[in-house]
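Encoded as structure tokens, the structure appears first; notes follow it.
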Amino acid sequence: MKPSFDTFVQTCTPLLKIPELEDRMRERVCQIVQELLNFQPDADPAGTLKRFLQKDENFLGVLLALTNLSQEKFLRIITAQRFARRDFKPEWGAKAIYRKIKRDDAFAGQIARLFLEGRNSQLLAEQVADFYLDQLSLPENWPALIRDTNLIGNVVRQKLAGEYSDKKGEYIEREVSAVLDEIERKYGIPHAHGQVRLVAKEVDHVIPSLEEPFVMVMVSYMETTSSSQTARANEQQAMYQKIVGENIRYREKRILVNVVDGAGWLARRSDLRKMYEGCDYCLNMKTLSALEEIILTHVPERFRRPI
């Protein structure tokens with residue numbers, strides 16, 4: 001039986017702590033900080049910055065953090081620079097830009113000058129608003145700033161925030177998979193991931209198979225808020241309505257389980273309520289163990305295999 005919405009909220013975990021991930025990220029921060037401390041500037045500001053950008057993939061993110069400029073906005077500025085050069089091809093991603101910085105000295109020099117010149121860049125003066133160019137300007141004492149371990153530690157953590165969030169999401173997915181693997185080991189009930197024709201959507205976990213989706217599980221853990229949460233809540237509500245409609249039409253009982261947790265969902269309570277109401281069962285990290293009983297209840301006996 002689904003608990004009340006208030007009871008569900010009370011069992012949520014706003015900021016999940018995963019000791020092994022915390023240790024791994026702490027090591028990542030220390031490694032990058034040490035690389036920064038090992039970097040030796042010289043008398044040529046442009047040459048120093050170019051070498052800095054080429055030395056390590058993470059250093060571009062450090063510069064962006066020092067300027068308080070998001071990676072997304074930086075990518076838009078690079079697009080504007082390319083437009084100024086009459087290059088109208090699709091936008092480059094961050095990894096593509098770093099590869100070009102690493103391989104192409106001239107391009108690395110251009111990026112270095114962008115940071116050094118900021119709003120004085122002649123190439124971008126007509127293409128980019130002053131508001132963004134002002135932000136692009138790097139502090140003149142940046143070589144000294146990267147040697148301040150307290151400051152740069154925080155800068156590196158800011159730069160790694162996206163990576164940290166992604167890895168935490170991967171951990172949640174692995175935890176759900178581990179529960180399903182254990183159910184398969186104990187009862188022989190398999191699970192899959194992929195496109196389910198019934199809902200015309202890719203489903204995170206389907207039990208027992210994509211062709212016979214008696215239990216569909218969608219997973220979402222978010223610690224920050226985003227407008228995409230409303231879109232996701234609406235999309236999954238529509239998905240649930242399809243399942244209910246098919247159940248009525250064919251007299252079946254296929255179900256949707258939402259695994260939802262994190263401070264981002266708790267902060268957008270109306271979207272969280274949609275996720276809660278738009279499913280048969282709503283679980284979080286503290287109640288995930290209930291998934292076994294749900295599957296045993298709703299997957300027909302014929303899908304169990306002797307172990």
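Remark: Phe88 pairs with Phe83 by the ring pair (Phe, Tyr, Trp, His ring centres under 6.0 Å) rule, at least two apart or across chains. The ring pair (Phe, Tyr, Trp, His ring centres under 6.0 Å) check on Tyr281 picks up His298, with sequence neighbours excluded.
At most 12 heavy atoms of other shown residues, nucleotides or ligands fall within 6.0 angstrom of atom CD in Glu293. Around atom CZ of Arg302, more than 12 heavy atoms belonging to other residues, nucleotides or ligands sit under 6.0 Å away.
Ionic pairing of Glu182 and Arg185 is present here: one or more N-O contacts between side-chain nitrogen and carboxylate oxygen are shorter than 4.0 angstrom. By the 4.0 Å N-to-carboxylate-O rule, Arg24 lies too far from Glu20 to be salt-bridged with it. Under a 4.0 Å N-O distance rule, the pair Arg273/Glu277 qualifies as a salt bridge.
With 3.5 Å as the limit, one finds a donor-acceptor pair spanning the side chains of Glu292 and Tyr187. For the residue pair Tyr164 and Glu223, no side-chain donor N or O sits within less than 3.5 Å of a side-chain acceptor on the partner. In this structure, a donor-acceptor pair under 3.5 Å is absent between the side chains of Arg268 and Ser226.
The salt bridge (Lys or Arg N to Asp or Glu O under 4.0 Å) test with Asp280 is passed by exactly one of Arg254, Lys253, Lys2: Lys253.
Rounding to the nearest 0.5 Å places OG1 of Thr230 at 3.5 Å from CG of Asp271. Annotation: the span from Thr287 atom OG1 to Asp261 atom CG amounts to 8.0 Å, rounded to 0.5 Å. Atom CG in Leu291 sits 6.0 Å away from atom CD1 in Ile207 (nearest 0.5 Å). To the nearest 0.5 Å, atoms CD (Gln81) and CZ (Arg113) are separated by 9.0 Å. Separation of atoms CD (Gln110) and CD1 (Ile101) is listed at 10.5 Å; rounding is to 0.5 Å. Within the model, atoms CD1 of Ile243 and CG of Leu256 stand 4.5 Å from one another, a figure rounded to the nearest 0.5 Å.
A side-chain donor-acceptor contact under 3.5 Å links Lys102 to the backbone of Gln54. Between the side chain of Gln34 and the main chain of Gln31, no donor-acceptor pair closer than 3.5 Å is present. Using a distance-only test at 3.5 Å, with no hydrogens or angles considered, no donor-acceptor pair links the side chain of Asn258 to the main chain of Cys282.
Looking at heavy atoms from C-beta onward, Glu91 lies in side-chain contact with Leu75 at the 4.5 angstrom threshold. A 4.5 Å side-chain heavy-atom check between Arg269 and Phe5 finds at least one atom pair inside the cut-off. A 4.5 Å side-chain heavy-atom check between Leu145 and Val155 finds every atom pair outside the cut-off.
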*With salt bridge (Lys or Arg N to Asp or Glu O under 4.0 Å) as the test, would you mind laying out the steps for Arg28 and Glu163 before giving the verdict?*
CA-CA 11 Å; Arg28 283 274 286 134; Glu163 179 181 331; 2.8 Å; yes

*Show the numbers, then the answer: is there a salt bridge (Lys or Arg N to Asp or Glu O under 4.0 Å) between Asp104 and Arg99?*
CA-CA 8 Å; Asp104 187 336; Arg99 286 195 298 269; over 6 Å; no

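With a 6.0 Å cutoff to the six-membered ring centre and a 45° limit on the axis angle, Arg82 counts as a cation-pi contact of Trp92.
Here Tyr171 and Tyr221 keep their ring centres 6.0 angstrom or further from each other.
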